[in-house]
Q: 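My questions all concern the structure below.
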Amino acid sequence: QVQLVESGGGLVQPGGSLRLSCAATGRLFSFSVVGWHRQATGKQRELVGTITSTQTTNYADSVKGRFTLSRDNAKYTAYLQMNSLKPEDTAVYYCYCAGCWGQGTQVTVSS
């Protein structure tokens with residue numbers, strides 16, 4: 001089992017950037033797919049993207065070209081680089097790995 005802690009959220013203006021981190025405990029992280037999800041107020045949780053242990057990535061159409069997933073298996077950490085942020089990106093962002101969820105980090109895009 002792994003434990004996950006997200007960080008890096010905050011308030012940013014439209015067009016701005018943020019980098020989220022997902023720090024894991026447990027060696028299982030290095031061999032597992034990491035998924036980033038988000039949930040806006042009043043909406044269902046949706047998948048943002050996934051990254052495999054060998055750095056293969058997939059993205060939701062809504063974030064392609066703006067968001068980039070990466071990971072450092074030696075540091076048990078995954079990253080979500082978010083550029084050209086839009087107000088509709090406002091949500092709580094969660095990482096998921098090996099059956100476990102982090103607590104989430106709030107991202108607010110507003111002028």
Side-chain angles (χ1 to χ4, degrees):
Q1 190 175 11
V2 297
Q3 292 183 326
L4 304 169
V5 178
E6 300 97 333
S7 61
L11 173 63
V12 63
Q13 291 187 343
S17 298
L18 281 175
R19 189 195 196 201
L20 306 184
S21 298
C22 173
T25 59
R27 295 176 63 243
L28 189 60
F29 172 86
S30 298
F31 308 101
S32 301
V33 175
V34 174
W36 284 91
H37 297 71
R38 66 186 181 186
Q39 187 166 18
T41 302
K43 295 187 176 182
Q44 289 189 332
R45 192 171 296 189
E46 63 174 356
L47 179 65
V48 173
T50 59
I51 181 167
T52 69
S53 59
T54 55
Q55 310 280 355
T56 299
T57 55
N58 277 292
Y59 300 93
D61 288 342
S62 58
V63 306
K64 279 182 182 176
R66 301 188 298 122
F67 289 12
T68 302
L69 296 172
S70 62
R71 64 192 291 168
D72 186 334
N73 289 330
K75 295 183 178 180
Y76 295 170
T77 303
Y79 305 98
L80 176 60
Q81 177 68 43
M82 305 185 293
N83 298 329
S84 303
L85 283 162
K86 305 175 181 180
E88 51 263 44
D89 294 318
T90 296
V92 178
Y93 284 72
Y94 301 88
C95 64
Y96 174 86
C97 181
C100 299
W101 291 91
Q103 84 290 350
T105 185
Q106 176 71 47
V107 171
T108 302
V109 184
S110 175
S111 55

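Residues: numbered from 1 along the sequence shown.
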Q: Return yes if a side-chain donor-acceptor contact under 3.5 Å exists between Thr54 and Thr52, otherwise no.
A: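 There is such a pair (donor and acceptor under 3.5 Å, judged by atom type) between the side chains of Thr54 and Thr52.
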
Q: Write down the atom of Gly8, the atom of Leu18, and the distance for their closest heavy-atom approach.
A: O-CD2, 3.8 Å

Q: Could you measure the distance from the CZ atom of Phe67 to the CG atom of Leu20? Nearest 0.5 Å is fine.
A: 8.0 Å

Q: Is the shortest heavy-atom distance from the side chain of Tyr79 to the side chain of Thr68 under 4.5 Å?
A: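 SC-SC contact between Tyr79 and Thr68 ruled out.
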
Q: For Arg66, which residues count as a salt bridge (charged side-chain N to carboxylate O under 4.0 Å, His left out) partner, sequence neighbours excluded?
A: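 Only Asp89 meet the salt bridge (charged side-chain N to carboxylate O under 4.0 Å, His left out) criterion with Arg66.
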
Q: Looking at Ser30 and Tyr76, what are the two nearest heavy atoms and their distance?
A: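 Reported closest heavy-atom pair: OG-CE2, 3.2 Å.
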
Q: Atom OG of Ser21 and atom CG of Leu4: how far apart are they, to the nearest 0.5 Å?
A: 12.5 Å

Q: Out of curiosity, Leu80 CG to Arg71 CZ, how far, rounded to the nearest 0.5 Å?
A: 13.5 Å

Q: Are Cys95 and Cys22 within a span of less than 2.5 Å, counting SG to SG?
A: yes

Q: In the hydrophobic clustering that connects Ile, Leu, Val, Met, Phe, Trp and Tyr at side-chain heavy-atom distances below 4.5 Å, which members other than Trp101 occupy its cluster, ordered by chain and number?
A: Val92, Tyr94, Tyr96

Q: Indicate the atoms forming the closest heavy-atom contact of Leu69 with Tyr59, along with that distance.
A: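 That closest heavy-atom pairing would be N-OH, 2.8 Å.
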
Q: I need the His37 NE2 to Gln44 CD distance, nearest 0.5 Å.
A: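 If we round to the nearest 0.5 Å, His37:NE2 and Gln44:CD are 12.0 Å apart.
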
Q: Can you see which heavy atom on Val63 is nearest to which on Val48, and at what distance?
A: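 Minimum heavy-atom contact is CG2-O, 3.6 Å.
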
Q: Looking at CG of Leu11 and CD of Gln13, how far apart are the two atoms once the value is rounded to the nearest 0.5 Å?
A: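 Leu11 CG to Gln13 CD: 8.0 Å, rounded to 0.5 Å.
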
Q: Return the CG to OG1 distance between Asn58 and Thr50, rounded to the nearest 0.5 Å.
A: 4.5 Å

Q: Is it the case that the side chain of Gln81 and the backbone of Arg19 share a donor-acceptor pair, with hydrogens and angles ignored and the cut-off at 3.5 Å?
A: no

Q: What's the shortest heavy-atom distance between Thr90 and Gln106, and which atoms?
A: CG2-NE2, 4.0 Å

Q: Using the test salt bridge (charged side-chain N to carboxylate O under 4.0 Å, His left out), find all partners of Lys43 that sit at least two apart in sequence or belong to another chain.
A: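 Counting only residues at least two positions away or on another chain, Lys43 forms no salt bridge (charged side-chain N to carboxylate O under 4.0 Å, His left out).
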
Q: Closest heavy-atom contact between Ala98 and Ser32?
A: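 Answer, listing the atom of Ala98 first, then Ser32: CB-OG, 3.9 Å.
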
Q: Ignoring hydrogens and geometry, is there a side-chain-to-backbone donor-acceptor pair from Gln103 to Glu6 under 3.5 Å?
A: yes

Q: Quick one: are Ser62 and Arg38 in side-chain contact, heavy atoms under 4.5 Å?
A: yes

Q: Assigning hydrophobic clusters by single linkage (Ile, Leu, Val, Met, Phe, Trp, Tyr; side-chain heavy-atom cutoff under 4.5 Å), is Met82 placed with Ile51?
A: yes

Q: State yes or no: do Val34 and Val107 share one hydrophobic cluster built from I, L, V, M, F, W and Y residues joined by side-chain heavy-atom distances below 4.5 Å, directly or via other members?
A: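 Yes, it is one cluster - the side chains of Val34 and Val107 are joined through contacts under 4.5 Å.
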
